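Single-structure report; data block below.
Values below: every heavy atom of this structure, side chains too, minus hydrogens, waters and symmetry copies. Owing to the predicted nature of the structure, the values given are computational and were not obtained by experimental measurement.
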Amino acid sequence: MSPAARSEPAGGPAVDLCGVRLPGPVLNGSGTFDAIAARRAFGDALLERFPFDAFVSKTITLEPREGNPPPRLWETPAGLINSIGLPNKGLEAFLAEDLPRLAELPVPLVVSVMGFTREELAVLVERVAAREEVALVELNFSCPNVETGLVMGADPGETAAAVERLRPLTDKPLVVKLTPNAADPAAVGAAAEGAGADALSLINTLKGMALHPRTREPWLGGVTGGVSGPAVRAVALQQVAAVAGSVEIPLIGMGGIACGHDALDFLAAGATCVAVGTESFRDPSAGRRIGAQLDAARGESRL
Ligand SMILES: Cc1cc2nc3c(=O)[nH]c(=O)nc-3n(C[C@H](O)[C@H](O)[C@H](O)COP(=O)(O)O)c2cc1C
């Protein structure tokens, strides 16, 4: 199958996301689906029945990172706590090795970047957005700015300053990924929009921890981690509704989506697209299933 060929939509109808046409509204959450490994496992069948309508890369940083020490995962009654710590090969190796392979996927490509200073982010955005394979750039703002000590996406002023620095660097759409670990995500979303963001995605993981059942020491090598999966869905839905009430730009809603009815809830709360994260670990074709279920649920509820 040629790279240009389209796979069947994961869940129609087609969506316009910041001028980029997607065959349907179902994306993956960054870092929850390794398309290069999946292609190795499933071959070209992956391209023919790709689970998502756009693919979001794992977050990349300027320099390579090993990530956090193990253990990196803890299963909660309805989800996961991960302390993966953004292991990645860094910008240069991503551009040289991974981007050409991701460009073979039959859907538009979103590349997620994270920087520890605004200048680092500027390099990432400039280099990534300059590549024609990339349709949109997602800014993962869930990390501290080492210069100000503030988490980039937790403070409206910090968010606005970062987006203002990045906005002139590219005409490609910039998607700001909001952290739920903020006092007022709706204010952060409005600040991102005011500074020129084209879309928002939410939620990232909620901060959590787990203790070793015998020693009561922190289980995770990173001590704390990010909670995801159905356990966070109600929180995510509320934050999507709150942010939708404070901005005009499109939202990509995520957090615990495991079936079409969950996805429809996020669209009803104001999202234009949805993303599937933790559910893909249980079922690698979840995106496609949820897309089909969403179509059926829409028919029933006429949304
Ligand atoms: C194992 C794992 C790795 C993740 N890696 C990233 C990442 O690299 N960048 C990012 O923005 N979000 C990352 N996330 C967050 C997800 O993209 C998503 O925002 C969050 O998990 C909520 O969706 P879910 O409940 O459907 O998983 C990760 C989540 C998990 C569970």
Side-chain angles (χ1 to χ4, degrees), residues 29-31 57-69 72 74 81-88 90-91 94 111-128 137-170 174-197 199-211 217-228 232 235-236 239 242-243 246-247 254-255:
S30 170
S57 79
K58 180 161 181 60
T59 297
I60 58 160
T61 51
L62 195 52
E63 302 299 335
R65 283 170 61 88
E66 282 190 2
N68 287 333
R72 291 175 163 187
W74 174 269
I81 313 179
N82 86 81
S83 110
I84 307 287
L86 297 176
N88 76 99
L91 175 68
F94 174 82
V111 173
S112 168
V113 299
M114 176 187 270
F116 295 94
T117 65
R118 284 175 212 140
E119 292 319 303
E120 245 185 63
L121 262 171
V123 175
L124 284 156
V125 167
E126 234 175 353
R127 296 286 309 281
V128 164
V137 180
E138 184 169 85
L139 308 168
N140 179 351
F141 274 0
S142 295
C143 81
N145 178 340
V146 292
E147 287 170 347
T148 64
L150 294 171
V151 171
M152 291 205 188
D155 175 77
E158 187 72 33
T159 298
V163 177
E164 273 160 19
R165 172 72 183 89
L166 304 172
R167 179 67 285 174
L169 303 178
T170 178
L174 294 178
V175 182
V176 170
K177 185 161 181 182
L178 299 177
T179 170
N181 306 307
D184 187 354
V188 176
E193 179 182 47
L200 305 172
S201 58
L202 69 158
I203 61 172
N204 210 318
T205 53
L206 279 152
K207 202 167 194 176
M209 76 185 289
L211 300 183
E217 293 294 319
W219 171 268
L220 296 165
V223 181
T224 63
V227 187
S228 65
V232 308
V235 176
Q239 294 205 0
V243 174
S246 75
V247 302
M254 72 195 90

Measuring from [X]:[atom1] to [Y]:[atom2], what's the distance to the nearest 0.5 Å?
X    : Y    : atom1 : atom2 : result
E63  : F116 : CD    : CZ    : 10.5 Å
I84  : R65  : CD1   : CZ    : 12.0 Å
M152 : R118 : CE    : CZ    : 7.0 Å
R72  : I81  : CZ    : CD1   : 16.0 Å
L91  : L124 : CG    : CG    : 5.5 Å
L121 : E126 : CG    : CD    : 12.0 Å

Is there a donor-acceptor pair closer than 3.5 Å between any side-chain N or O of [X] and the backbone N or O of [Y]?
X    : Y    : result
S57  : S112 : yes
T159 : A191 : no
N181 : T179 : no

Name of the residue among L166, T59, L178 meeting side-chain contact (heavy atoms from CB on, under 4.5 Å) with L139: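 The passing option is L166.
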
Of all heavy-atom pairs between [X] and [Y], which one has the smallest distance, and what is that distance?
X    : Y    : value
G115 : C143 : O-SG, 3.3 Å
A122 : R165 : CB-NH2, 3.7 Å
R167 : G196 : NH1-O, 2.9 Å
S246 : E193 : O-OE1, 4.0 Å
A242 : A186 : O-CB, 3.8 Å
Q239 : P185 : OE1-CG, 3.4 Å

Check against side-chain contact (heavy atoms from CB on, under 4.5 Å), N68 and L220: CA-CA 9 Å; N68 287 333; L220 296 165; over 6 Å; no

Would you call [X] and [Y] a side-chain contact if the rule is heavy atoms closer than 4.5 Å?
X    : Y    : answer
T61  : V113 : no
F141 : V188 : no
L174 : V125 : yes
S83  : M209 : no
V128 : I60  : yes

Audit row: K177, M114, side-chain contact (heavy atoms from CB on, under 4.5 Å) steps and yes/no: CA-CA 10 Å; K177 185 161 181 182; M114 176 187 270; over 6 Å; no

Using distance only, find each side-chain donor-acceptor pair of residues 199-206 under 3.5 Å and give its atom names and separation, not counting sequence neighbours.
from, atom 1, to, atom 2, distance (Å)
S201, OG, E138, OE2, 2.9
N204, ND2, S142, OG, 3.2

Partner residues of R127 under the salt bridge (Lys or Arg N to Asp or Glu O under 4.0 Å) criterion, sequence neighbours left out: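 With sequence neighbours excluded, R127 shows a salt bridge (Lys or Arg N to Asp or Glu O under 4.0 Å) to E92, given in chain and number order.
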
Contacts of type ring pair (Phe, Tyr, Trp, His ring centres under 6.0 Å), residue W219, not counting sequence neighbours: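 Result, ring pair (Phe, Tyr, Trp, His ring centres under 6.0 Å) vs W219: W74, H212.
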
